[in-house]
Number of protein chains: 2
Amino acid sequence: MKNSLKVERAKQNITQAELAEKVGVSRQTINSIEIGKFVPSTLLALKIAFVFGTTVDEIFALAETDWT
Amino acid sequence: MKNSLKVERAKQNITQAELAEKVGVSRQTINSIEIGKFVPSTLLALKIAFVFGTTVDEIFALAETDWT
DNA sequence: TCTAAAAGACAAATAAACTTTACTTTTATG
DNA sequence: CATAAAAGTAAAGTTTATTTGTCTTTTAGA
């Protein structure tokens, strides 16, 4: 699964720590998601999308390998 | 978090078992998500949206209580 | 260049998703 | 009504997300 968290953060000019605080998780959680270390819950994805004023599908997308 | 899985399944006329098979999880997982027993991963939500030919945001939405 | 903030990384512990198995209840249809 | 498919439920076990703490590395700015 791909994500554009880093780009969205850059657009809004907020840090991992600030995003974490806004959505109510730890900074390491945001960092781990951003670098593809793990997949967030849909609830967290919805909150992140809300904070960025966009949609889950704008931020997260399936990779080809996700279907194997 | 709210979801319209049941409605989407009805539109496409597929069973929980069929949806489960298409996205590669067990039937109980689909059932549990549908009745709000647990929150799917974003990866699973993306696959479900793909199968339904729609977006994650069309199927899953934040509830007021999700921010407390 | 120095320094501080931000980001990356790692490990141990906990919480929650997901599986498997198995049983009950509901719903559609003969 | 009878029956079969679909849906709901539940418990035990496995995997994975998330936390907390700590430490290193990168980046931006004075």
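The chains referred to below are lettered A, B, ... by the order of the sequence lines, with proteins before strands, and numbering in each begins at 1.
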Applying side-chain contact (heavy atoms from CB on, under 4.5 Å), can you list everything that pairs with [X], at least two apart in sequence or on another chain?
{"X": "B:Glu18", "answer": "B:Ile14, B:Thr15"}
{"X": "B:Leu62", "answer": "A:Leu43, A:Leu46, A:Lys47, A:Phe50, B:Asp66, B:Trp67"}
{"X": "B:Glu58", "answer": "B:Thr54, B:Thr55"}

Take atom CD1 of A:Ile30 and atom P of C:dA9, then tell me their distance rounded to the nearest Å.
16 Å

Mind jotting down which residue pairs meet the salt bridge (Lys or Arg N to Asp or Glu O under 4.0 Å) criterion with at least one end in residues 34-46 of chain A? Sequence neighbours excluded, please.
A:Arg9-A:Glu34

Which residues pass the salt bridge (charged side-chain N to carboxylate O under 4.0 Å, His left out) test with A:Lys22, sequence neighbours left out?
none

Distances for protein N or O near nucleotides 3-7 of chain D N or O, under 3.5 Å:
residue: D:dA7; atom: OP1; partner: B:Arg9; partner atom: NH1; Å: 2.8
residue: D:dA7; atom: OP2; partner: B:Gln16; partner atom: N; Å: 2.9
residue: D:dA7; atom: N7; partner: B:Arg27; partner atom: NH1; Å: 3.2

Please write out each protein N/O paired with an N/O of nucleotides 25-30 of chain C under 3.5 Å, distance rounded to 0.1 Å.
none

According to side chain to side chain donor-acceptor pair (under 3.5 Å), who are the partners of B:Ser41, at least two apart in sequence or on a separate chain?
none

Report the residues that fulfil side chain to side chain donor-acceptor pair (under 3.5 Å) with A:Lys6, sequence neighbours left out, ordered by chain and then residue number.
none

Side chain of B:Lys37 only, heavy atoms from C-beta on: which candidate in C:dT19, D:dA10, D:dG8 is closest?
D:dA10

B:Gln28 side-chain proximity, nearest of C:dC18, C:dT21, D:dT20:
C:dT21

End-to-end bend of the helix from C:dT1-D:dA30 to C:dG30-D:dC1 (five-pair axes, 10° rounding)?
60°

Give, ordered by number, those residues of residues 53-68 of chain A having at least one heavy-atom distance below 4.0 Å to an atom of DNA chain C; if nothing qualifies, reply none.
none

Pull out every residue in residues 38-49 of chain A that has a heavy atom closer than 4.0 Å to any atom of DNA chain C, ordered by number, or say none.
none

